[in-house]
Structure formats: structure tokens, C-alpha cells
Amino acid sequence: MRYWLMKSEPDEVSFEDVLAAPDRTVAWFGVRNYQARNFMRDAMSVGDGILFYHSSCAVPGVAGIAEVASTPYPDATQFDRAGKYFDPKATPEQPRWISVDVRAVEAGRFLALSEMRAIPALEDMVLLQKGSRLSISPVTPGQWSTIVSLLREGER
DNA sequence: GCCAACGTTGGC
DNA sequence: GCCAACGTTGGC
């Protein structure tokens, strides 16, 4: 059992969108970074914990808790010529990019990035390192429990 | 919109 | 294999 932070732009897929999806589950598509892909391919297991993070928005931060709900499979968007995630070098025989399914588990309150930066127990988070842009990053068990506790205090 | 930081591409 | 140029990310 491992823990992850996964960034999504809420204009594209918000945590609320996942909560509203059938079985509270969506495909995590559009990862086009090898390091992030390799985490999905090599290190994730079904049931791993996910901090669902909203990025590139007015107030970035952790919007909820989710879990890995599938093993990896080819990301369909790499084959869609008309889509922005199309990759001309990918073929169904030799896919480059993968998805996993993500299931929303619980919302809790919103934990803003600005608040996370002020918490000493979180200062080593990959997310908070200078220049860190990884869309999927590992979270330690200590960081996970700190954040889950904060999400559960003062439910929205 | 700005811009720092980082990743990728491609010429050599 | 180097590295300059370019593109992207993402907070502010």
C-alpha cells in the first residue's frame, strides 16, 4: 500500500466530477511525462491512496481522497487524432502512455496549497519542492496521515 | 499575463 | 552525447 498525490485541473476533471461519475470512478488520462507514467506503470497498486489535487486554478490544493481502482492500461487519448493528447508516435501495438482508474473515496474540507506550505510536517513533500511539476508524486505515510487528519477536521 | 523551473527535441 | 532552443507547467 502506497500513497500518491495526483494533480488535475478542475476545469478538466474536478474531484466533484469524480464523485458524480458512475461508481465514483474515472480514467486518469492525459499523463505525458515519463516519470509520472512510470509511477503508474511500475509502482501503483489497486487500493493505493490518492490525494486528489486541484492545480492551475484560483486556489490550488487537495480537494479529496481517492484510491487507485485498476491496474494500468493504455490511455485511449493518445490515439485520438483530434484530441489534444494525441501522440503520433503511439500505436495500439506500441502504446506510450497509460491510465489507471481512480475512485473517489471521501471529500472532507479543501486543504489549500498555501496552508500546506505552512505545516512543518509537510515540508518534505515532493509537491512543495521548488520547481516541482510532477503531476503524480509519492506521498509518505506520515504526510498522508497528516493531510487526511486535516481534511477530516471541519467537514464541508 | 508573467516567469522560473523543468522536460523534450533535434542539430551537430 | 552535448546542449541550445523551444514548449509546458503551474503558482502568483
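Quick note on labels: first sequence line is chain A, next is B, and so on, each numbered from 1. Remember, predicted model here, so these are calculated numbers, not experimental data.
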Can you list, in residue-number order, the parts of residues 75-86 of chain A that come under 4.0 Å of DNA chain B, counting heavy atoms only?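 Residues of residues 75-86 of chain A that come under 4.0 Å of DNA chain B do not exist, since none gets that close.
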Go through the structure and list residues passing side-chain hydrogen bond (donor to acceptor under 3.5 Å, both in side chains) with Glu9(A), not counting sequence neighbours.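 Counting only residues at least two positions away or on another chain, Glu9(A) forms no side-chain hydrogen bond (donor to acceptor under 3.5 Å, both in side chains).
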Holding to ring pair (Phe, Tyr, Trp, His ring centres under 6.0 Å), I want the full list of residues that pass it with Phe86(A), two or more places apart in sequence or in another chain.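 Scan of Phe86(A) (ring pair (Phe, Tyr, Trp, His ring centres under 6.0 Å), adjacent residues dropped) gives none.
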My understanding is that only residues two or more places apart in sequence, or in another chain, count here; which of them pass ring pair (Phe, Tyr, Trp, His ring centres under 6.0 Å) with Phe52(A)?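 Phe52(A) satisfies ring pair (Phe, Tyr, Trp, His ring centres under 6.0 Å) with Phe15(A), Trp28(A), His54(A) only.
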Not counting sequence neighbours, list each pair that qualifies as a ring-ring contact (aromatic ring centres under 6.0 Å, His included) and has a residue in residues 114-135 of chain A.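 Residue pairs passing ring-ring contact (aromatic ring centres under 6.0 Å, His included), neighbours aside: none found.
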Arg117(A): what forms a salt bridge (charged side-chain N to carboxylate O under 4.0 Å, His left out) with it, not counting sequence neighbours?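 Salt bridge (charged side-chain N to carboxylate O under 4.0 Å, His left out) check on Arg117(A) returns nothing, list empty.
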Positional range of nucleotides in DNA chain B within the contact set of chain A, heavy-atom, under 4.0 Å: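 The contacted stretch runs from dA5(B) to dT8(B).
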So which pairs with a foot in residues 65-81 of chain A pass side-chain hydrogen bond (donor to acceptor under 3.5 Å, both in side chains), sequence neighbours left out?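 For residues 65-81 of chain A, and leaving out neighbouring residues, the side-chain hydrogen bond (donor to acceptor under 3.5 Å, both in side chains) pairs sorted by first residue read Arg32(A)-Asp75(A), Arg32(A)-Thr77(A), Glu67(A)-Arg103(A), Tyr73(A)-Asp101(A), Asp75(A)-Thr77(A).
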Could you go through residues 135-144 of chain A and list every donor-acceptor pair under 3.5 Å that involves a side-chain atom there, pairing it with any protein atom two or more places apart or in another chain?
unit_1	atom_1	unit_2	atom_2	d
Thr140(A)	OG1	Gln143(A)	N	3.1
Thr140(A)	OG1	Gln143(A)	OE1	3.3
Gln143(A)	OE1	Thr140(A)	N	2.9

